[in-house]
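In what follows, chains carry the letters A, B, and so on, assigned in the order in which the sequence lines appear, proteins first and then strands, with residues in each chain numbered from 1. Just so it is clear, the model here is predicted, and its values are computed rather than measured.
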Amino acid sequence: MKPDFDLIIIGGGIAGMTAAIYAARANMSVLILEKQICGGLANQTYVVENFPSYDSINGMDLMEKVKDQVEQLEVKIEEINEVLRLDLASDFKKVETDENKYTAHSVILASGRVPCPLPIENDWEEHIHYCSICDGSLYENKEVLVVGGGNSGFDESLYLASLGVKSIHIIEMMDTFFADQQTQDKVEKVANIKATSGIGIIEIKPEGKKANVIMQHATSGRIETELIDGIFVFIGQKPNTGFLDGKIDIDQQGYIMTDQDLHTNIPGVFAAGDVIVKKYRQLTTAMSDGTIAAMEACQYINSVR
Amino acid sequence: MPVSKILLGEDSFQKYTTGNDCLVLVFKSRCPICKVLAKVLDKCMGEDSELKVAEIDSEANANLMTQLDVSKVPTMLVYKSGQLAARKTGVANAKEIMTFYQNT
């Protein structure tokens, strides 16, 4: 008896697609299950400038090129197909989605991360954004707050400024910014972007189409109010591991624990990309993970079939 | 096979919605979540052949965006008997969309 596929990859980001390329080229039958569309968080990146082979490329364009390569290798890709349940204990791993049930010799978990929502109760959700490529142009000549002083907050502020947003205020709750110095220097040279650290939002009060945002300085406790048109939020991501339901060992933050060859605690189940415990989360490190996980999975599959 | 969605412009929008029950997706070509929602709507149309779905490109129809008061994409607009009855922003699955549409 044979399972439906040799390998099921859960997640169609760069880690999952790289794993698919390696496994397909090793003559494995491969299924990618993607909750949304392939490409992961890179789809939301306006410009990627640290990917070897391209000086500069739009994130979605890059991911579409990778997906084309995966499709040419006859990997089956199912998008908008969310994994609901897993049975990983038996010889054939079982994966159940909202549409179907599938079996495979091996599974790679590459479900990535999702953006953290703004942790403030409010009635202004239509003006709170997590994707500046999507919504930035709607704020031409308007005033916005950018929440988050990391690389995403600073990079996206530069992008918003390029779209003609009238004024951009970056706020960071911690007392220092985490964006790399080069990006901070670029932002400093843009007249309509200002950045304040050690300040957090405590309330959002809608005023017609705008809102008064009440902010508090962490050290002095001083309150500041700003009337703005929209908020863009870039306060990090959380691992997408809720569907694992305790079947795979995860750390306190929800990241999957693996050994150095990306084996999880269950034989035949591997993990790759942003969803695993690690220090650096980049496109290139996710590709490395995808490669290793696929090669280990192929070795496992050859040993059991 | 799902029926393809109709792409509306400022001229065709009024004609399409007048007197009708339909869903209108406001999208932007570079928006990944919009692509997700468009595929979910394809799924909905595959499951319910009576469902009428159209799309508006927010970048090509700036005046219409002001008129419809859209500040976020994707935005789904529900029209019942030609009247704007409900709106929803962000992504949702097929079941949630069908429930949202039917309960409006």
Of all heavy-atom pairs linking A:Asn58 and B:Arg30, the shortest is OD1-NH1, 2.9 Å
Would a distance-only check, ignoring hydrogens and angles, find a side-chain to backbone donor-acceptor pair under 3.5 Å from [X] to [Y]?
| X | Y | result |
| --- | --- | --- |
| B:Lys43 | A:Ile80 | yes |
| B:Ser71 | A:Glu126 | yes |
| A:Asp135 | B:Val73 | yes |
| B:Lys72 | A:Cys134 | no |

Could you tell me which portion of [X] (side chain, backbone, both or neither) has an atom closer than 4.5 angstrom to a non-hydrogen atom of chain B?
| X | answer |
| --- | --- |
| A:Glu140 | neither |
| A:Tyr139 | side chain |
| A:Glu64 | side chain |

(request) Run the salt-bridge test on B:Asp69 and A:Lys209 with the 4.0 Å N-O cut-off and return the result as yes or no. (result) yes
(request) Indicate yes or no: does B:Lys35 engage A:Glu79 in a salt bridge with an N to O separation below 4.0 Å. (result) no
Heavy-atom count check: over 12 atoms from other residues, nucleotides or ligands less than 6.0 Å from [X] [atom1]?
| X | atom1 | result |
| --- | --- | --- |
| A:Glu74 | CD | no |
| A:Asp68 | CG | yes |
| A:Glu49 | CD | yes |
| A:Lys210 | NZ | yes |
| B:Tyr101 | OH | yes |

pair B:Pro32-A:Cys131: side-chain heavy atoms closer than 4.5 Å
yes
*Can A:Asp98 and B:Lys95 be said to form a side chain to side chain contact (heavy atoms under 4.5 Å, CB included), step by step?*
CA-CA 10 Å; A:Asp98 51 4; B:Lys95 201 173 166 185; over 6 Å; no
Most heavy-atom pairs under 4.5 Å with chain B, out of A:Met63, A:Met60, A:Glu125, A:Glu82, belong to A:Met60
Here the gap from B:Ile33 atom CD1 to A:Ile133 atom CD1, rounded to the nearest 0.5 Å, amounts to 11.0 Å
